[in-house]
Amino acid sequence: MPRISKATEYNWKKLNSDSKEKLTKRANKTRSKKRIIATNYLDDSKANMLLKNVMEIESSVENIMYTLAYSALSQNGILHRKHVKNFLHKYSHLEQVAIDIPADTWDSDNDILGFIYQSLITEGERNITGQYYTCKSVVEYIVGDKTLSDTETFLDPCCGSGAFLMAVKTNNPSNLYGFDINPIAVMIASVNLLIKHKDKEFFPHIFCLDFLSKDLFSSDDRKELPFKFDNIYTNPPWGSDKEGLYIHNYPSIKSKERASMVISESLSRLTDTGTLYFLLPTSLLKIKTHNDIRKLILADTTIQQIDLYNNRFDGVFTDYFSIKINPAKTTTQTYVVTSDGGNANITLSAADRTFGNIALETFNSLDNSIIEKMESSCHDRLSHSLWALGIVTGDNKNKVKKEKAEGLEPVYAGKQVDPFKLQDESSYILFDPENFQQCAKEEFFRAPEKLIYRFIAKYPIVAYDDKQCLCLNSANILIPQLDTISVKSVAALLNSTLYHYYYSLKYSDIKVLKGNLQELPFPKLTKKQDEGLSALVSDIQSSTFSLTYQQQLDKEVYSIFGITEKEQKQISARIK
C-alpha cells in the first residue's frame, strides 16, 4: 500500500480500537463513545438487519468490514477475477470473522458497507476525523446525469466510502480517483467501485492519501496520479485544523478551516475548463471568520450554482449547502440558488464581491430599504464588547444537579434563556473552574450587568442578568460596551423583530455566533430613547413578556430607524 502522511498516521492512530488513550484529549463530542445509526445516510431493511447482527460481533472494525467486503465481492460473482484477487492481497493481514449475513443483502446498489461502517464508529471518532458521509439523494442531486468521456478524469479528494465516485457515469472507471486518510474507508470505496463496474477489469484508483499534504503529487510512488483533474466533487471534512497539521501549507486560510483548505487545494488541481462541486457547512457563507475562502472564490472563480438543503447529517446540527464553480475569473458573479422554495437568480454587487459576501436570496426594494436604513444609521458595533463562553463541565450528568444543595448555585442552559430574562432555576452546580473542562474567568459571570444569549437559535434571544448567574455552554455571555446604549437597551434591540429580521437575512444559520453579532449595526441613541428602551426592559422583567410588550418594543425600535408601515409588513412577512 502507498506510503501515508503524518496526518494519515495520526488519524489511523485515533481510529485504532486498541488505543488506550483514544478520545481522551478533546471536549464533548470528540470524547463521545456513543454510536449513531446512519439512518439519514441509508434506510434499508436488509442493511438494518445486517447491522443488528454485526453489533453482536466481538471483533475489530477492520476485520468486520473486511469480512463484509469479501462477502459482497463474492455475492457479486467477481471474487475469482484476477484484478480482484490482486486488490484483496493488500488486505491479507486482516481476518474474516463469522457474521450472519442475511440472504440477498448485496443485491441492491445501496452503499451498505458505508452504512455499516458509519454506524460502527463512535461519535467521537466521527468528530475528530470529520467522517460524515453524504446521503445518496444529495449525491445523486449533485452529480445528476453527469457522464464522463473516456478521457475525462474525476476526483473525490475526501471520498469516504465512494458515494460520489459510484454516482458518476463512465465507461472508464480507471479515470475515477479517490483519496481518503482512513484506510477502512479506502477499502470500502474500492470494493464499491469494483462491484459497480464488475464488467470491467481495473484496479481502483483509491488511495490512502492526505489531499492537504503538499508532497501528494511529487512522491515517486504516486507518479500514476494526474497532476490536475477535470472534475473535483467532494464533501470535505468540516472543522478547524486544531492540531496544526496543515496551517503552514495554507497560510491564507486564517480561519484554519479544513474544508476551506480543501477548496484552495482543489482549485490548484483543477484543469482550466474543469468543474468543482463541494458540499459544505452553511457557516462558510455566513460567518466572518470564513471571509478568507469567500474572497478566494469570488476573486478566482465563477460561481455557477448554490444548492440549499433542509436535512442534516446523522449526529450533526449544522445546515449545509453545495456550491458548483469553475476556475474562470469574472468581474461579475451571477448564479442560481436552488432550494425547496424554488430557484433564485443572484447577481452580486461590486460591494458584495469586495467584502466577500455570497448572497443566497434576492432582496426586494423594501428589504434593501430596511437594510440601508439600519446600516446607514450605524454608530457603533459590538466588536469591542466583552464576550465569554458558558461553562463546559465535561460531565453534565454528574456535575449538574437537579436538586438544590449547600454550596450549589443555579446554572442556566440555552433553552432556559427567554427574551429579557432567564426561566426559573431548575439546575444547580458547584462553581469549581479547576474541575471544569472549560470555564471563562469568574469576572464575566459575576459582572454587575450582562446579557446571556442562546447559542442554538435562528436569531438572537437575549436575557438581561444583574444577579451574576452562571450558564452552561449552550448559552454565552455578552457584556456590551456601546456608545450611548445601555446594557438593557442592547437587550431591547437584539430582542426586537427588526434585529431578528436583519440577522435572519444576513446570517441564515441555526447558531448565534459572536462573529455575526459583532457585525450588527447599532444606532446612536438619544438619552430619551435609551431611557425609554431601558424602562421597557425593566417593566418586562417584572412581568411576563407578552405580545403586547413585543409590539410596544417593536414600535419604539421602528421609530428609531424610521421604518415605515409598509416596511414593517415586509418584516413581519419575512420573520413569521
If you count the non-hydrogen atoms of other residues, nucleotides and ligands that lie under 6.0 Å from [atom1] in [X], is the total more than 12?
X	atom1	result
Phe355	CZ	no
Glu443	CD	yes
Lys524	NZ	no
Asp483	CG	yes
Asp145	CG	no

Short question: side chain of [X], backbone of [Y] - any donor-acceptor pair under 3.5 Å?
X	Y	answer
Gln423	Asp418	no
Arg381	Glu519	yes
Ser489	Ile485	no
Lys256	Gly244	no
Ser119	Phe115	yes
Ser385	Gln481	yes
Arg294	Asn357	no
Asn495	Pro419	no
Glu375	Lys373	no

Taking atom types as modelled, find out whether [X] and [Y] have a side-chain donor-acceptor pair closer than 3.5 angstrom.
X	Y	value
Asp367	Tyr501	yes
Thr134	Tyr320	no
Asp156	Thr234	yes
Glu567	Tyr558	no

Exercise. With a 6.0 Å cut-off on ring centres, are Tyr246 and Phe211 close enough?
Worked result: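 Centroid separation for Tyr246 and Phe211: 6.0 Å or greater.
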Exercise. Can you name the side-chain hydrogen bond (donor to acceptor under 3.5 Å, both in side chains) partners of Ser339, sequence neighbours left out?
Worked result: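 Expected list: none.
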Exercise. Less than 4.5 Å apart, any side-chain heavy atom of Lys514 and any of Asn476?
Worked result: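 Counting from C-beta outward, Lys514 and Asn476 never come under 4.5 Å.
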Exercise. Heavy atoms, side chains only, cut-off 4.5 Å: are Ile571 and Thr497 in contact?
Worked result: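 Yes; the side chains approach each other to less than 4.5 Å.
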For this session: Would you please classify the geometry between the His500 ring and the Tyr459 ring as parallel, tilted or perpendicular, with 30° and 60° separating the classes?
Result: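 Aromatic pair Tyr459/His500 classed parallel.
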Problem set entry | Plane angle bin for Tyr453 and Trp387 - parallel if under 30°, tilted between 30 and 60°, otherwise perpendicular |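 Rings of Trp387 and Tyr453: perpendicular, as their planes differ by over 60°.
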Expected list for residues 295-302: side-chain donor-acceptor pairs under 3.5 angstrom, two or more places apart:
unit_1: Thr301; atom_1: OG1; unit_2: Ile297; atom_2: O; d: 2.6
unit_1: Thr302; atom_1: OG1; unit_2: Ala328; atom_2: O; d: 2.6

Exercise. Cation over ring, Lys488 on Tyr464, under 6.0 Å and within 45°?
Worked result: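 Yes; both conditions hold, so Lys488 lies above the ring face of Tyr464.
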